[in-house]
Structures are given as structure tokens and as C-alpha cells.
Amino acid sequence: MHLRIVDAFTDRPFTGNPAGVLLLDDAFPDDTWLQNVAMEVNHAETAFAHRLPEGGEADWALRWFTPVAEVAMCGHATLATAHVLHTTGAHTGAARFATRSGVLVATPAADGSITLDFPTAPLTRVEAPAGLADALGAEPVAAFDTGANVGDLLVELADEETVLGLAPDHKALAGCSSRGVVATARAEDPARGYDFVSRCFFPNVGIDEDPVTGSAHTALAPHWSARLGRDDLTGLQASRRTGLVRTGLRGGRTLLTGRAVTVIEGELHA
């Protein structure tokens with residue numbers, strides 16, 4: 001089997017968010033094997049996909065694993081999988097993926113970008129958990145639950161500089177939500193090419209800081225679209241690797257657009 005490492009939400013190697021992608025010849029092997037492969041790849045997520053029979057509601061079955069757990073939704077590994085399908089000729093046109101979060105569609109464009117159609121996360125304003133400010137290292141302006149599919153606490157901070165300067169206590173953050181904490185603020189200068197900035201911390205699934213998180217943008221998009229009065233925005237995830245995600249709010253769905261590049265291809269022998 002060919003195992004590929006793909007950098008997603010970027011057009012340059014060694015930036016964006018790396019994901020392992022493995023296209024299987026048949027149905028998923030047992031979960032222990034899938035988890036062991038993801039542990040060996042040791043990136044934020046490894047995606048496993050296999051083709052489904054023609055005529056159904058989806059073309060491919062897709063699952064995502066971090067090095068320590070399976071997750072219900074992953075944007076960057078879905079983008080990486082779609083990139084592999086289209087660049088290898090395994091699939092042409094829009095690809096429909098059957099996942100734990102329903103059917104997700106990835107549509108390629110002539111310019112090389114891919115748009116993901118994901119469910120919009122339901123935002124519910126909540127009180128900031130006790131100890132959040134100390135764990136994060138900044139006082140929250142507002143906090144929101146993002147629903148079961150995403151499973152994060154979305155925290156708005158005072159400004160972009162505060163987000164960029166965070167040095168959180170990851171162990172303390174683990175008790176603040178089921179998956180992790182998304183810290184965000186309005187862009188200081190939209191002329192730089194982005195409307196909001198974010199950083200994502202997921203200690204509960206073995207990822208202290210995720211480089212670029214597509215699923216988090218299904219919550220960031222409705223939050224900032226409501227605040228800024230526009231459905232189409234661009235978010236900068238300000239990790240060390242950085243990446244840009246173009247978002248389009250379409251009611252109950254959020255469009256996530258980005259690029260990807262394959263950086264490693266090899267054979268899996270296990």
C-alpha cells in the first residue's frame with residue numbers, strides 16, 4: 001500500500017498541516033491496526049479511505065486517527081485525501097466521503113484548490129470554565145461550546161497579539177473541553193489577507209498545538225461571519241507552520257477551501 005504525507009491548507013511543502021493518507025484496497029482493517037499505523041505516522045491525523053460500491057450516497061468511506069485516538073471530524077486530512085485522489089487519478093470530480101460526521105464532499109477547482117463542504121458547528125455561548133484564563137495565559141472575552149462533532153471550546157480573546165503570544169499550560173487545558181481549545185481574535189490588519197486569526201490546542205487527543213485545523217473553522221466561520229457581517233472570510237491559523245483557510249458560510253454548511261501538496265510517498269509493509 002502507498003502511504004503519503006500531504007501538507008494541507010498550503011501550497012508549499014513544510015507549511016500547513018501534514019496528514020498521512022492511506023488508500024485501502026478493501027474494507028477497513030481492525031481498529032488496532034489503524035491506530036498503530038496512525039501512531040507510527042505520528043502526525044496530527046492519518047486518514048484511511050476505501051472505495052464504496054457505485055450507486056450509493058458516497059464514493060469513499062473515510063476515517064481519521066490521531067496518534068492516540070479516532071476523531072469524529074478532520075478537515076485537513078479530508079483535504080489531503082481529496083488531493084491524493086485527484087492527483088493520482090483515483091477519483092475525478094467531486095468526491096463524497098462517508099464519515100462519522102455524515103457525508104462530506106470535496107470539490108476540486110481548476111486552480112488546484114479544493115473546497116470541502118462540512119456541517120456548520122452549532123455555537124452556544126457558555127461561561128468560561130474555572131481555570132481557563134490561567135491555563136491559556138489570557139483572559140477570555142467570550143467562550144462558546146462548538147457541539148459534539150467538533151468538541152472544542154471556542155475562546156475569543158482581546159486581539160491578534162494576544163493570540164500570537166499564547167504559551168498555554170497544555171495539561172491544564174485538557175480539562176476545559178472534550179477535544180481542545182480554539183483561541184481566536186479579529187485580524188489587526190485585514191489588508192494582510194486574512195480576517196481573523198486562531199490557534200488550536202488539543203491535548204486530549206495527543207496534539208498540544210495543531211498546525212491548521214479545518215474542523216475548527218466550521219465554528220470560526222459562523223462566529224466571525226456574524227461579527228464581521230460577511231459570509232466569505234479568510235482565517236490565518238498562526239501556528240509555527242501557519243496556514244490559510246478560506247471559509248464560506250452557507251447556513252447549515254460551511255465551505256472550507258485550501259490547497260495541498262504531497263511531500264512524501266512510500267510503501268507500507270506492516
Asks: Donor-acceptor pair, distance only, cut-off 3.5 Å: does the side chain of T15 make one with the backbone of R12?
Replies: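 Between the backbone of R12 and the side chain of T15 there is a qualifying donor-acceptor contact (under 3.5 Å).
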Asks: Do the side chains of R230 and D195 get close enough for a salt bridge, i.e. N-O under 4.0 angstrom?
Replies: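 A salt bridge is present here (some side-chain N lies under 4.0 Å from a carboxylate O).
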Asks: Kindly say whether T213 contributes a backbone atom to a donor-acceptor pair with the side chain of Q237 at under 3.5 angstrom?
Replies: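 Side chain of Q237 to backbone of T213, a donor-acceptor pair under 3.5 Å: yes, one is there.
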Asks: Atom CG in L249, atom NE2 in H217: separation rounded to 0.5 Å?
Replies: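 With rounding to 0.5 Å, CG (L249) is 13.5 Å from NE2 (H217).
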Asks: Quick one: OG1 on T184 to CD on E160, what's the gap to the nearest 0.5 Å?
Replies: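 Going from the OG1 atom of T184 to the CD atom of E160 covers 9.5 Å.
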Asks: Can you tell me if D189 has over 12 outside heavy atoms packed within less than 6.0 Å of its CG?
Replies: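 Count over threshold, so yes.
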Asks: So for atom CD, which belongs to E40, do other residues, nucleotides or ligands contribute more than 12 heavy atoms lying within a distance under 6.0 Å?
Replies: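 No, the 6.0 Å shell around CD holds no more than 12 heavy atoms from other groups.
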Asks: Among D7, N17, D210, whose side chain to side chain donor-acceptor pair (under 3.5 Å) with R241 holds?
Replies: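 Exactly one option meets the side chain to side chain donor-acceptor pair (under 3.5 Å) with R241, and it is D7.
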Asks: Can you tell me how far apart CG (D231) and CH2 (W224) are? Round to the nearest 0.5 Å.
Replies: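 Answer rounded to 0.5 Å: 16.0 Å.
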Asks: Taking L24 as the starting point, is it possible to reach M39 by hopping between hydrophobic residues whose side chains are less than 4.5 Å apart?
Replies: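 No.
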Asks: I'd like to know if R227 pairs up with E156 as an ion pair, taking the criterion as any Lys NZ or Arg NE/NH1/NH2 lying under 4.0 Å from an Asp or Glu carboxylate oxygen.
Replies: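 Yes, R227 and E156 are salt-bridged.
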Asks: Check this for me, if you would: do D232 and R250 make a salt bridge, where the nitrogen-to-carboxylate-oxygen distance has to be below 4.0 angstrom?
Replies: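 A salt bridge is present here (some side-chain N lies under 4.0 Å from a carboxylate O).
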Asks: For a quick check under 3.5 Å, do T254 and T120 share a side-chain donor-acceptor pair by atom type?
Replies: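 Their side chains do contain a donor-acceptor pair, which is all the 3.5 Å distance test asks for.
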Asks: Of the options L268, T46, N36, which is the one that meets V41 in a side chain to side chain contact (heavy atoms under 4.5 Å, CB included)?
Replies: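 Only one of L268, T46, N36 forms a side chain to side chain contact (heavy atoms under 4.5 Å, CB included) with V41, namely T46.
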Asks: So, T107 side chain and A94 main chain: donor-acceptor pair closer than 3.5 Å or not?
Replies: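 Not at all, since once roles are kept as given, no pair shorter than 3.5 Å links the two residues.
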Asks: Working to the nearest 0.5 Å, report the span between OG1 of T81 and CZ of F48.
Replies: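 Rounded to the nearest 0.5 Å, the OG1-CZ separation comes to 10.0 Å.
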Asks: Does the side chain of H91 pick up a donor-acceptor pair with the side chain of W60 at under 3.5 Å?
Replies: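 Yes, because at least one side-chain N or O of H91 sits under 3.5 Å from a partner of the opposite role on W60.
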Asks: What heavy-atom pair brings T88 and R4 nearest, and what distance separates the two atoms?
Replies: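 The pair with the smallest heavy-atom distance is CG2-NH2, 3.7 Å.
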Asks: Look only at the side chain of R96 and the backbone of G56, and say whether a donor-acceptor pair between them is shorter than 3.5 Å.
Replies: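 Here the side-chain-to-backbone pair exists.
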Asks: Within 45° of the six-membered ring axis of F196 and under 6.0 Å from that ring's centre, is NZ or CZ of R186 located there?
Replies: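 Pair R186/F196 does not count as cation-pi.
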Asks: Under the 3.5 angstrom rule, does the side chain of T146 hit a backbone N or O of D152 as a donor-acceptor pair?
Replies: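 Yes, because the side chain of T146 sits within donor-acceptor range (under 3.5 Å) of the backbone of D152.
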Asks: Flag this pair as yes if the NZ/CZ of R63 is under 6.0 angstrom from the six-membered ring centre of F28 and inside a 45 degree cone about the axis; otherwise no.
Replies: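 Because its charged atom sits under 6.0 Å from the ring centre and within 45° of the axis, R63 does stack over F28.
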Asks: Would F201 and I207 count as a side-chain contact (heavy atoms from CB on, under 4.5 Å) here? Give the steps.
Replies: CA-CA 7 Å; F201 309 104; I207 305 165; over 6 Å; no
Asks: With a 3.5 Å distance limit and no angle check, can you tell me whether T115 reaches the backbone of P108 through a side-chain donor-acceptor pair?
Replies: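 Side chain of T115 to backbone of P108, a donor-acceptor pair under 3.5 Å: no, none is there.
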Asks: Taking atom types as modelled, find out whether H83 and T262 have a side-chain donor-acceptor pair closer than 3.5 angstrom.
Replies: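 Yes, T262 and H83 have a side-chain donor paired with an acceptor closer than 3.5 Å.
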